[in-house]
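Reading through the structure tokens given below for one structure.
For the single chain, residues carry numbers from 1 onward in sequence order.
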Amino acid sequence: MPIVIGATRENDFTNPIGMLGDCHHRIVRFLKVLVTLATEERGGFLAEPRRTLLATSLRYFREAAPKHTADEEESLFPRLRRLEVPGLEAVLARIDSLEQDHLCADRSHAEVDGLGQLWLADGRLSPEQALRLLTLLSQLTDLYRHHIGVEDTEVFPCAQAVLSPADRQAIGAEMASRRGLGLAKSQDIPVRTDAAP
């Protein structure tokens, strides 16, 4: 990914809640690419730069996005559920709905990926397939607009406020581990755990 001068620096594993928000920006960006391609090309022939955009965006949702879901469902949400903090009930109720959103998104992304792979392999989609792709991407856009809004404005600020530093550190370590990284204890710098000694 190119470096943009003056761009806001993304968070690292020492601020895992911030990293989850950064991931939302990538979800929106890659989804927008898919929507643009599906809308403008309508399943037609893709020139090489657009084929690359399609393949890259599909790969993001196939490989990286599931890690984000695991970060929330396996690391963040269980820790919030264990807390006994007054006023947390409303956020916990939202979490149940967010997990249902994840299931819906996963199903839609599987179908989008199948159509996208077909488009890459055959060079074209039928009009029915192109319409189905547009429909799925429209549904995902609506789902993410609501889902990300709830997480960014309610769940993540709550998590920043109520989770202990030890909880945040553990979440960061788990997120790093999902990506094949470990955290060096003395500096909290991500390091490859599969690297040769």
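We find that Glu111 and Arg132 are joined by a salt bridge, their nearest charged nitrogen and carboxylate oxygen being less than 4.0 Å apart. Taking a cutoff of 4.0 Å between a charged side-chain nitrogen and a carboxylate oxygen, Arg81 and Asp96 qualify as a salt bridge. Classification of Asp101 and Arg94 as a salt-bridged pair fails, no side-chain N sitting under 4.0 Å from a carboxylate O. Between Arg79 and Glu74 there is no salt bridge, since none of the side-chain N atoms of the basic residue sits less than 4.0 Å from a carboxylate O of the acidic one.
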Dump the intermediate steps for ring-ring contact (aromatic ring centres under 6.0 Å, His included) on His109 and Tyr144, then the final yes or no.
CA-CA 12 Å; His109 278 300; Tyr144 280 124; 5.8 Å; yes
Using the rule given for side chain to side chain contact (heavy atoms under 4.5 Å, CB included), can you reason through Arg51 versus Leu54, listing the C-alpha separation, both sets of side-chain angles and the distance that settles it, and then say yes or no?
CA-CA 5 Å; Arg51 283 181 59 82; Leu54 176 60; 5.7 Å; no
Full working for side chain to side chain contact (heavy atoms under 4.5 Å, CB included) between Ile27 and Phe61
CA-CA 8 Å; Ile27 288 169; Phe61 285 109; 4.0 Å; yes
Determine, step by step, whether Gln129 and Ser126 satisfy the side-chain hydrogen bond (donor to acceptor under 3.5 Å, both in side chains) criterion, reporting the C-alpha distance in whole Å, the side-chain angles of both residues, the deciding distance to 0.1 Å, and the verdict.
CA-CA 5 Å; Gln129 291 166 332; Ser126 71; 3.2 Å; yes
Please walk me through it: do Arg179 and Asp71 pass salt bridge (Lys or Arg N to Asp or Glu O under 4.0 Å)?
CA-CA 11 Å; Arg179 289 151 181 83; Asp71 294 337; 2.6 Å; yes
Assess whether side chain to side chain contact (heavy atoms under 4.5 Å, CB included) is satisfied between Val28 and His24, documenting all intermediate values.
CA-CA 6 Å; Val28 169; His24 285 168; 5.5 Å; no
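Proximity of Leu92 to Phe77: side-chain heavy atoms (C-beta onward) are nowhere separated by under 4.5 Å. Considering only heavy atoms from C-beta on, Ser97 stays 4.5 Å or farther from His147 through its side chain. No side-chain heavy atom of Ser177 sits less than 4.5 Å from a side-chain heavy atom of Glu174. Under the 4.5 Å side-chain criterion, counting only non-hydrogen atoms from C-beta, Leu58 is in contact with Leu120. Residues Val91 and Val162 fail the side-chain proximity criterion, which asks for heavy atoms closer than 4.5 Å. Contact check for Phe13 versus Ile171: no side-chain heavy atoms found under the 4.5 Å cut-off. Within the 4.5 Å cutoff, side-chain heavy atoms of Glu72 are placed close to those of Phe156. In this structure, the side chains of Glu40 and Val35 stay at 4.5 Å or more apart for every pair of heavy atoms.
Not a single donor-acceptor pair under 3.5 Å links the side chain of Ser138 to the backbone N or O of Leu134. With hydrogens and angles disregarded, no donor-acceptor distance shorter than 3.5 Å links the side chain of Trp119 to the backbone of Ala130. A donor-acceptor pair is defined here as one N or O able to donate and one able to accept, closer than 3.5 Å; such a pair exists between the side chain of Asp12 and the backbone of Thr14.
Side-chain contact check for Ser75 and Arg178: at least one donor-acceptor pair (N or O, by modelled atom type) lies under 3.5 Å.
Here the options are His146, Arg145, Gln139, the test is side-chain hydrogen bond (donor to acceptor under 3.5 Å, both in side chains), and the partner is Asp142; only Arg145 passes.
For Val112 against Leu140, the heavy-atom pair with the smallest separation is CG2-CD1, 4.0 Å. Summarising the geometry of Met175 relative to Pro16, their closest heavy-atom pair is SD-CB, 3.4 Å, with the distance given to 0.1 Å. For the residue pair Gln160 and Asn15, the shortest heavy atom distance occurs at NE2-OD1, 3.1 Å.
A distance of 14.5 Å separates CG in Leu31 from CZ in Arg26, rounded to the nearest 0.5 Å. Atom CG of residue Leu34 and atom CG of residue Leu115 lie 11.5 Å apart, to the nearest 0.5 angstrom. Note: Cys158 SG to Leu80 CG = 6.0 Å, rounded to the nearest 0.5 Å. For the atom pair CG (Leu76) and CD1 (Ile17), the distance works out to 4.5 Å, reported to the nearest 0.5 Å. Distance check, rounded to the nearest 0.5 Å: CG of Leu163 to CZ of Arg82 gives 9.5 Å. Taking CZ of Arg42 as the start and CG of Leu37 as the end, the distance is 12.5 Å to the nearest 0.5 Å.
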